[in-house]
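Before any comments, here is the structure.
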Amino acid sequence: MRITGGAMRAAVAAAGLMLLAGCGGGAGGAGGGDAKGDGAGKGERPGGPARGASATTHLKHIPEVGSALRSRIPADSRQVVAVYGKGMDSAEATVVLYEKGAKGWDRKATWAGHNGRNGWTLNHHEDDKRSPIGVFALTDAGGVLADPGARLPYTHSEEFTPPPYWDKNTRHDFDHVVAINYNRVKGTSPLDPTRPQGQAKGGGIWLHLDHGSGTSGCVSVPRAGMTALLRALDPKRHPVVVMGDKAHLSA
């Protein structure tokens with residue numbers, strides 16, 4: 001699906017560079033000074049958090065997600081993107097797509113990715129360069145490039161293009177994005193600048209293409225992963241992301 005027209009353009013105009021800075025991060029660009037190259041070409045990493053497990057199908061629960069966050073997954077959710085952060089202050093993560101069938105949860109794909117360059121937080125605020133820990137719905141998508149076959153509503157706009165002063169390794173970060181419903185209005189373009197909890201609580205937290213290092217709060221995956229997620233995530237299955245460092249995920 002594709003969203004165009006005056007309403008979307010008005011939202012884009014209101015957002016300006018402020019929104020993109022929320023996800024990509026200010027004058028230093030999404031990668032800051034420690035970007036190590038565009039990670040979009042990196043492939044799927046086998047194993048992931050379930051490495052060594054005897055099975056990755058018909059699971060009773062999402063692996064390594066404890067009762068605290070598990071209880072926040074809506075009962076009608078049949079798709080979960082689990083983001084397993086390496087550590088509280090680490091930017092490295094493993095991203096896994098799970099889908100629930102009649103016999104339980106099945107692991108569908110695993111990718112190496114990144115989160116906020118400063119790690120994770122339970123109290124995210126503007127410019128802390130950390131990703132918020134929690135469970136968030138995934139309802140809206142978009143990007144610089146045309147819709148690759150997304151099931152979520154998709155806003156195709158050049159307004160996703162990062163500012164020219166950002167690091168060159170970030171130029172394709174927003175070719176495709178999925179908005180993470182942290183401090184945003186669901187059912188709107190990812191470019192919508194509205195912050196229901198106030199600007200100080202940050203926003204513009206997205207799933208987007210990886211550039212090889214940490215972000216300003218978003219979660220990044222390789223290009224193939226973003227395409228696969230866009231084609232898989234189905235609003236009829238009420239997809240959510242469960243994200244955080246491993247210690248908080250397992251609590």
(message) Is it true that K86 and N115 share a donor-acceptor pair across their side chains at a distance under 3.5 Å?
(response) no

(message) Under a plain distance cut-off of 3.5 Å, with no hydrogens placed, do H156 and D147 share a side-chain donor-acceptor pair?
(response) no

(message) Same cluster or not: M88 versus I205, using hydrophobic residues (I, L, V, M, F, W, Y) connected whenever any side-chain heavy atoms lie under 4.5 Å apart?
(response) yes

(message) What I'd like to find out is whether the side chain of V81 reaches to under 4.5 Å of the side chain of V242, using heavy atoms alone.
(response) no

(request) Check A179 against L138 and note the closest heavy-atom contact, atom names and distance. (result) O-CD2, 3.6 Å

(request) Tell me, with the steps shown, if E126 and Q199 meet side-chain contact (heavy atoms from CB on, under 4.5 Å). (result) CA-CA 7 Å; E126 192 82 3; Q199 193 64 33; 3.6 Å; yes

(request) Establish, from distance only, whether the side-chain atoms of R184 and T188 form a donor-acceptor pair under 3.5 Å. (result) yes

(request) Keeping the roles fixed (side chain from S250, backbone from K246), state whether a donor-acceptor pair exists under 3.5 Å. (result) yes

(request) Measure across L69 and G134 and return the closest heavy-atom pair with its distance rounded to 0.1 Å. (result) CD2-CA, 4.0 Å

(message) Could you check whether any side-chain heavy atom of V219 comes within less than 4.5 Å of a side-chain heavy atom of V241, counting everything from C-beta outward?
(response) no

(message) Could you measure the distance from the CZ atom of R130 to the CG atom of L122? Nearest 0.5 Å is fine.
(response) 10.5 Å

(request) Kindly say whether P235 contributes a backbone atom to a donor-acceptor pair with the side chain of R151 at under 3.5 angstrom? (result) no

(message) Measuring from atom NE2 of H61 to atom CD1 of I73, what distance do you get when rounded to the nearest 0.5 angstrom?
(response) 10.0 Å

(request) Find out whether L230 and T227 are in side-chain contact, i.e. whether some heavy atom of one side chain is under 4.5 Å from a heavy atom of the other. (result) no

(request) Identify whether the distance between the nearest side-chain nitrogen and carboxylate oxygen of R237 and E99 falls below 4.0 Å. (result) yes

(message) Please check: side-chain N/O of N181 versus main-chain N/O of K186, any donor-acceptor pairing under 3.5 Å?
(response) no

(message) I want to check something: taking the side chain as every heavy atom from C-beta on, are P190 and F160 in contact at a cut-off of under 4.5 Å?
(response) yes

(request) Keeping the roles fixed (side chain from N118, backbone from D128), state whether a donor-acceptor pair exists under 3.5 Å. (result) yes

(message) Please check this pair: side chain of R70 against backbone of V65, looking for a donor-acceptor N/O pair closer than 3.5 Å.
(response) yes

(message) Any carboxylate oxygen within less than 4.0 angstrom of a Lys/Arg side-chain nitrogen, looking at R78 and D234?
(response) no

(request) Return yes if a side-chain donor-acceptor contact under 3.5 Å exists between T57 and D106, otherwise no. (result) no

(message) Could you check whether any side-chain N or O of S131 sits under 3.5 Å from a backbone N or O of G116, counting only pairs where one atom can act as donor and the other as acceptor?
(response) yes

(message) Within the structure provided, determine whether Y84 and E64 are in side-chain contact (heavy-atom separation under 4.5 Å).
(response) yes

(request) Give, for atom CG of N123 and atom CD1 of I133, the distance between the pair rounded to the nearest 0.5 Å. (result) 10.5 Å

(request) Would you check if V240 and P74 make a side-chain contact, meaning some heavy-atom pair closer than 4.5 Å? (result) yes

(request) Would you give the length of the straight line joining atom CZ of F136 to atom CG of N183, rounded to the nearest 0.5 angstrom? (result) 10.0 Å

(request) Search all heavy atoms of S220 against all heavy atoms of L209 and return the closest pair with its distance. (result) CB-O, 3.7 Å

(message) Centroid separation under 6.0 Å, is that true for the rings of W206 and Y182?
(response) no

(request) Look only at the side chain of D140 and the backbone of G187, and say whether a donor-acceptor pair between them is shorter than 3.5 Å. (result) yes

(request) Go through the steps to decide whether W120 and M243 satisfy the test side-chain contact (heavy atoms from CB on, under 4.5 Å), and finish with yes or no. (result) CA-CA 9 Å; W120 297 90; M243 51 193 274; 3.7 Å; yes

(request) Tell me, with the steps shown, if L97 and L229 meet side-chain contact (heavy atoms from CB on, under 4.5 Å). (result) CA-CA 8 Å; L97 173 62; L229 286 171; 4.3 Å; yes

(request) Measure across R223 and L145 and return the closest heavy-atom pair with its distance rounded to 0.1 Å. (result) NH1-CD1, 3.8 Å

(request) Indicate yes or no for a side-chain donor-acceptor contact from H114 to the backbone of D210 under 3.5 Å, with no hydrogens or angles considered. (result) no

(message) With a 3.5 Å distance limit and no angle check, can you tell me whether R171 reaches the backbone of P163 through a side-chain donor-acceptor pair?
(response) yes

(message) Is it the case that the side chain of D245 and the backbone of G85 share a donor-acceptor pair, with hydrogens and angles ignored and the cut-off at 3.5 Å?
(response) no

(message) Measuring from atom CG of D173 to atom SG of C218, what distance do you get when rounded to the nearest 0.5 angstrom?
(response) 8.5 Å

(message) Ignoring hydrogens and geometry beyond distance, is a side-chain donor-acceptor pair present between D192 and T194 at under 3.5 Å?
(response) yes

(message) If you define the side chain from C-beta out and look only at heavy atoms, does anything of Y98 sit under 4.5 Å from L59?
(response) yes

(message) Rounded at 0.5 Å granularity, tell me how far NE2 in H238 sits from CD in Q79.
(response) 10.5 Å

(request) Provide the closest heavy-atom pair for G244 versus L249 in the form atom of the first, atom of the second, distance. (result) O-CD1, 3.4 Å

(message) Contact between Y154 and H176 at the side-chain level, heavy atoms closer than 4.5 Å - yes or no?
(response) yes

